[in-house]
Amino acid sequence: MRQRPVDPIAASAFGLEAPSPEHPLADEQTQAAAPRGPLSITSSPLCTESVVDLLYDVIDPELGVNIVDLGLLRGVEVGDDGAVKIDMALTTPGCPLGGYIDEEIRSCLAQLPQVREMAVNVGFEPPWDPTQMTDAGREQLGWL
Amino acid sequence: VALSPSAAKRRAPLMGLALVALFAGLWGGLIRLGLVSTTAVASASEAHGPLMALGFLGTLISLERAVALGRWWSYAAPLATGLGAIATLASAPGELGPALVTVGGFVLLADHAVLQRIAPSLHNALMGLGALAWCAAGIAWLDGADVSRVAPLMAGFLVLTIVGERLELTRVTPRPRYAAGLLLVAVAVFAAGLIVSLPAEGVGVRIAGAGLIAQAAWLARYDVARRTVRKPGATRFMALALLAGYVWLLVGGLLWAIDASMLDGSAYDAQLHAVFLGFVMSMVFAHAPVIVPAVLRRPLPFNRAFYAHLSLLHGSLALRVIGGDLAGSVVLWQWGGALNEVAIVLFLVASGAALVRARHGARGAAVRPARGPQAGHEVAIRSAP
């Protein structure tokens with residue numbers, strides 16, 4: 001499977017560092033050699049980067065922009081036991097999209113068989129505002 | 001992936017109540033169009049407007065809000081409203097139906113009061129104002145006012161709710177500082193018209209019509225749909241449904257402002273259905289792929305076939321309003337009205353089929369196929385093959 005490099009802005013938002021050249025996810029040659037398809041994920045250990053990478057596939061259907069670039073992802077914790085905890089925000093407490101995005105996240109991460117347990121927490125503090133979007137998200141919505 | 005937690009199962013009957021109100025409203029519509037010879041359940045015809053606007057949409061919207069808020073008591077709104085619709089249909093004594101529907105409006109108002117305390121915002125305040133319009137409509141209906149007098153307030157509930165939701169979404173795109181102020185002026189004119197319509201219907205409806213025109217213009221100028229219409233798949237579908245809805249809101253506003261006779265007749269038919277079907281139902285069609293999964297915790301994947309019911313809705317409404325109401329052809333009015341109902345039924349069938357297909361698909365495929373960055377959109381909406 002082709003992995004997307006972790007967006008440096010999104011990565012810093014989660015307290016992560018963008019993948020170093022030594023990191024397997026950043027090694028194009030390693031990826032090219034690896035078998036394509038979801039199984040390639042199973043060969044790598046569960047890490048925050050692989051979780052975040054899949055979360056780029058969770059799209060707000062109304063905006064057509066993923067939750068990472070929208071700045072809705074607040075944090076990802078991956079435990080040694082395969083427990084994944086995701087903290088995210090919604091643009092407003094009255095937004096009905098929470099259940100939808102929760103299901104999308106669970107469905108996306110089902111691709112990682114190493115995930116044994118999953119918790120998605122939705123919070124509203126600090127409130128979301130457009131400055132929390134990444135440059136990629138802002139570009140798609142006409143800010144840049 | 002657990003797709004149907006117990007909470008979702010508890011919500012399904014409330015969705016069922018909304019559908020009962022919808023089918024009753026559709027039956028009432030057929031009687032009004034003169035397309036059925038029997039007048040069985042004539043109460044559905046008399047209460048066609050409240051059944052559709054409050055019984056169906058009020059139950060749906062208050063259920064959506066209860067899901068978002070997550071408070072147990074919030075579910076009293078869709079429950080009371082849905083049961084109120086059934087009581088209305090059964091012509092229950094003591095005005096039980098309108099009373100329960102009115103209770104639903106007040107619970108929704110309480111939802112917005114809580115939301116305002118959690119995170120004060122203009123968009124939530126507008127939706128709260130919409131809930132207040134529902135309460136006022138309920139009280140007027142309970143007081144024995146003719147449905148035609150209640151109709152502007154019911155439109156107020158739905159228009160303000162939708163405008164509030166759209167305002168919230170415009171935050172993701174750049175807009176000038178004065179944009180929110182412009183919308184406030186438009187809403188103030190609309191609200192003033194609704195208030196004036198209670199003692200002086202003719203004048204009030206004209207003023208409210210000006211407010212509708214201003215809100216439609218604001219939405220057409222600042223809504224994010226103008227940008228997202230360039231995206232593929234579900235995003236474009238939703239944006240097109242929204243933009244078509246804004247055209248009808250503008251048409252509705254013009255009809256309210258030009259001919260304010262909120263009385264039975266062709267003008268009345270056009271004034272109401274431009275807003276309730278052209279604008280509001282188009283919003284429902286647009287958001288079903290998002291709202292249904294949020295409520296039922298089941299995926300409703302977008303399918304290109306959804307364009308069939310969307311285009312039928314708008315095409316048949318044009319036939320009804322232009323050929324029927326404005327040109328005066330009873331046959332075109334009946335055809336348009338009947339096809340409006342077909343579009344709604346088609347929407348239900350297409351949505352139900354997508355839900356079932358997704359359920360079988362989820363059983364058959366534990367892992368979703370990998371996608372590249374540009375195809376990510378299709379991953380999230382789980383497009384049908």
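Below, chains carry the letters A, B, ... as their sequence lines are ordered, and counting in each starts from 1.
With chain A as the partner, the residue from B/R166, B/M127, B/E165, B/R230 showing the most heavy-atom pairs under 4.5 Å is B/R166. In terms of heavy-atom pairs under 4.5 angstrom with chain A, the leader among B/E64, B/R171, B/M238 is B/R171. The most heavy-atom pairs under 4.5 Å with chain B, out of A/T92, A/D102, A/V122, A/D129, come from A/T92.
Heavy atoms of B/V172 lying under 4.5 Å from chain A belong to its backbone as well as its side chain. With a threshold of 4.5 angstrom between heavy atoms, B/R65 approaches chain A through side-chain atoms but not through N, CA, C or O. Within the 4.5 angstrom heavy-atom criterion, only side-chain atoms of B/E168, from C-beta onward, approach chain A. Interface remark: B/H112 contributes no atoms to any contact with chain A (heavy atom separation under 4.5 Å).
For B/F237 and B/Y307, the distance between ring centers is under 6.0 angstrom.
Judged by distance alone, the side chain of B/R298 and the main-chain N or O of B/P293 form no donor-acceptor pair under 3.5 Å. At least one donor-acceptor pair under 3.5 Å links the side chain of B/R227 to the backbone N or O of A/L141.
Checking B/T81, B/L158, B/I61 one by one against B/W134, the side chain to side chain contact (heavy atoms under 4.5 Å, CB included) holds for a single residue, B/T81.
A salt bridge between A/E125 and A/R74 is absent, with no side-chain N of the basic residue lying under 4.0 Å from a carboxylate O of the acidic one.
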